[in-house]
Amino acid sequence: MKDRSVEDILAAVRQIPPGFVRTYGDLCPGAPRFTGTALRGIGDRVPWWRVVHADGTLAVGEEQRRRLEAEGVPFLNADPPRLDMRTARLPDGLP
DNA sequence: GTGATGACGGAAA
DNA sequence: CTTTCCGCCATCA
């Protein structure tokens, strides 16, 4: 599902089940930057905190880290707090 | 219609 | 392992 518009991206973000995350590149292959632009200024209309960088680092701030941690997302105790992508990342095709 | 912008990604050093 | 650089494409002014 190659999302090309903001609405499609927001829809995809809503499909992310609690405890898992998707990367910007997964939501918009070829234009990962646009994913961030789409999420910029949405509010809590969608679970934006479940969208992280491909390497597992967060994009917004510790605000996001707290929410993910609350959902039971596996975090690695590293200097820059980052997620364990091989477990937290949700494969494409799945809701 | 054109130009600039960006919650990124991947490669290179 | 870390840091730096370029490019991508949809939106906005």
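Reminder, nothing fancy here: chain letters follow the sequence lines and each chain counts from 1. Worth saying up front: this structure is predicted, and the values here are computed from it rather than measured.
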### Task
Just call it for A:Val51: base, sugar-phosphate, or nothing, with non-hydrogen atoms closer than 4.0 Å on any strand.
nothing
#### Entry: Nucleotide C:dT11, atom C1' - distance to CD of A:Glu7 in whole Å
13 Å
### Query
Contact class for A:Thr35 vs. all strands (heavy atom < 4.0 Å): base, sugar-phosphate, or nothing?
nothing
### Query
Given A:Leu27 and A:Phe34, is the side-chain contact (heavy atoms from CB on, under 4.5 Å) satisfied, shown in steps?
CA-CA 9 Å; A:Leu27 295 175; A:Phe34 175 63; over 6 Å; no
### Query
Does one side chain, of A:Gln64 or A:Trp48, offer a donor that lies under 3.5 Å from an acceptor on the other?
no
### Task
Grab the CD1-P distance between A:Ile9 and C:dT11 for me, whole Å please.
8 Å
### Task
Measure the distance from CE on A:Met85 to C1' on B:dC8 and round it to the nearest whole Å.
13 Å
### Message
Whole angstroms only, please: what is the CZ-C1' distance between A:Phe34 and B:dG6?
### Response
11 Å
### Summary
Note: contacts of residues 73-80 of chain A with DNA chain B (heavy atom, under 4.0 Å) are none
### Test item: A:Leu58 and A:His53 side chains (from C-beta on) under 4.5 Å apart, heavy atoms
no
### Task
Could you point out which residue of A:Ile16, A:Leu68, A:Leu39, A:Val21 forms a side chain to side chain contact (heavy atoms under 4.5 Å, CB included) with A:Trp49?
A:Leu68
### Query
Does atom CZ of A:Arg45 have more than 12 heavy-atom neighbours from other groups under 6.0 Å away?
no
### Task
Assess whether side-chain contact (heavy atoms from CB on, under 4.5 Å) is satisfied between A:Arg65 and A:Phe75, documenting all intermediate values.
CA-CA 9 Å; A:Arg65 188 200 69 180; A:Phe75 263 88; 3.4 Å; yes
### Message
If you assign A:Thr37 and A:Gly30 each to the DNA chain C nucleotide with the nearest heavy atom, which residue ends up on the more 5' nucleotide?
### Response
A:Gly30
Table of protein N/O atoms under 3.5 Å from nucleotides 9-13 of chain B N/O atoms:
residue	atom	partner	partner atom	Å
B:dG9	OP1	A:Ala54	N	3.1
B:dG9	OP2	A:Ala54	N	3.2

### Query
Salt bridge check: are A:Arg67 and A:Glu63 linked by an N-O gap of less than 4.0 Å?
yes
### Query
Taking NZ, NE, NH1 and NH2 as the nitrogens, is one of them in A:Arg89 or A:Asp26 under 4.0 Å from a carboxylate oxygen of the other?
yes
